[in-house]
There are 2 protein chains.
Amino acid sequence: MRIGELARRTGVTTRALRYYEEQNLLTAERSGSGQRHYAEDAVDRIRLIRRLYAAGLGSKAIAELTPCVIDGKATPELLRRLAAERDHLDRRIADLVHTRDRLDSVIGGASSAMDTGVPCPRDADA
Amino acid sequence: MRIGELARRTGVTTRALRYYEEQNLLTAERSGSGQRHYAEDAVDRIRLIRRLYAAGLGSKAIAELTPCVIDGKATPELLRRLAAERDHLDRRIADLVHTRDRLDSVIGGASSAMDTGVPCPRDADA
DNA sequence: CTTGCCTTTCACGTCGACGTCAACTTTTAC
DNA sequence: GTAAAAGTTGACGTCGACGTGAAAGGCAAG
């Protein structure tokens, strides 16, 4: 398929697809006239890339990690890298959960302040 | 206290503190010569700001929300806003947890691929 | 052949949260 | 009194993941 169809099927713009290729996240066959042609599994690959972006990884990290996932070439180094990213992600999640809880308490305080007309208590913990 | 001490006590740079003021997230008294002077509770306020940034909010959203948290002026509108941000955050957390699990399975696949010498299986679900 | 959509590369624009000089004034320490 | 340290405003730089034309060539339909 050509770039337009891949874009429609994945929901990402053609600009993004060319950008991914520029960042070595994606490769494509070229027809004689220079047009990109993708195989079916490109769709899955895009999905993988999008998930890794969603995980907070940058294009550089993704470029280093995808060969492992795609080709199964898991060097110990890459495994360490993956584990490191996983830990990173874990901490981000914990942070966000903490923040959500704080936000909840803020909401609680604000609600009761509205009910009672009394300013909500200030921040206490770290 | 002046800006340098506040910076040391909060761990954010003076540049960031001036930026926060520019974005109306923070106010300061001025001495005759124009230097900023902060009260003790500025430290807590910075922490609040940092948490909201960590929650993925932008300066604009924070500027709209902090008056509520600080002054207890919780209008129904602001409460709606807070609740909306909370839900947003909730979804982000769920996404990240999902991604982490996917990353775990990738790690699992890569490990076994290393052990068995067999390429890891391709992506299956959405 | 031409119309019209798709594709190509090039290259500057964007947005947000600051970093990083620069040029100066104020405060502090000796 | 003087030098170092810390403060001020102003303005341009950064980084990342694209957006957004521009100028040109490619491809099937009538």
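Quick caveat, the model's predicted, so the values are computed rather than measured. Here is how names work: the chains are called A, B, and so on, in the same order as the sequence lines, proteins then strands, and each is numbered from 1.
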Quick one: does A:Arg81's side chain have a donor or acceptor within less than 3.5 Å of a partner on A:Glu64's backbone? no
Indicate for each nucleotide in nucleotides 16-23 of chain D, in 5' to 3' sequence, whether protein heavy atoms under 4.0 Å reach the base (B), only the sugar-phosphate (S), or nothing (-). -BBBB---
Looking at B:Glu85 and B:Arg80, is any side-chain nitrogen of the basic one under 4.0 Å from a carboxylate oxygen of the acidic one? no
Keeping the roles fixed (side chain from A:Arg92, backbone from A:Ala55), state whether a donor-acceptor pair exists under 3.5 Å. yes
Rounded distance (Å) that lies between atom C1' of C:dC6 and atom CG of A:Leu6: 14 Å
Please report the distance, rounded to the nearest Å, between CZ in B:Arg36 and C1' in C:dT26. 14 Å
Expressed as a whole number of angstroms, how long is the span from A:Tyr38:OH to C:dT8:C1'? 12 Å
Please report, rounded to the nearest Å, how far the C1' atom of C:dC6 is from the NE2 atom of A:His37. 11 Å
Residues forming a salt bridge (charged side-chain N to carboxylate O under 4.0 Å, His left out) with B:Glu21, sequence neighbours excluded: B:Arg30, B:Arg36
Between A:Arg9 and A:Glu5, is a salt bridge (Lys or Arg N to Asp or Glu O under 4.0 Å) present by the stated rule, with each step listed? CA-CA 6 Å; A:Arg9 288 177 58 179; A:Glu5 187 181 346; 3.6 Å; yes
Atom pairs under 3.5 Å, N or O on each side, protein against nucleotides 25-27 of chain D: can you list them with distances?
{"from": "D:dG26", "atom 1": "O3'", "to": "A:Ser33", "atom 2": "OG", "distance (Å)": "3.2"}
{"from": "D:dC27", "atom 1": "OP1", "to": "A:Ser33", "atom 2": "OG", "distance (Å)": "3.2"}

Regarding A:Asp90 and A:Arg86, does a basic nitrogen lie under 4.0 Å from an acidic carboxylate oxygen? yes
Using only side-chain N and O atoms of B:Arg30, determine if any of them is under 4.0 Å from OP1 or OP2 of D:dT9. yes
Interatomic spacing from CZ in B:Arg50 to CG in B:Leu48 - rounded to 0.5 Å: 11.5 Å
To the nearest Å, how far apart are B:Glu22 CD and D:dC12 P? 14 Å
Short side-chain to backbone donor-acceptor contact, B:Arg45 and B:Leu25, under 3.5 Å: yes
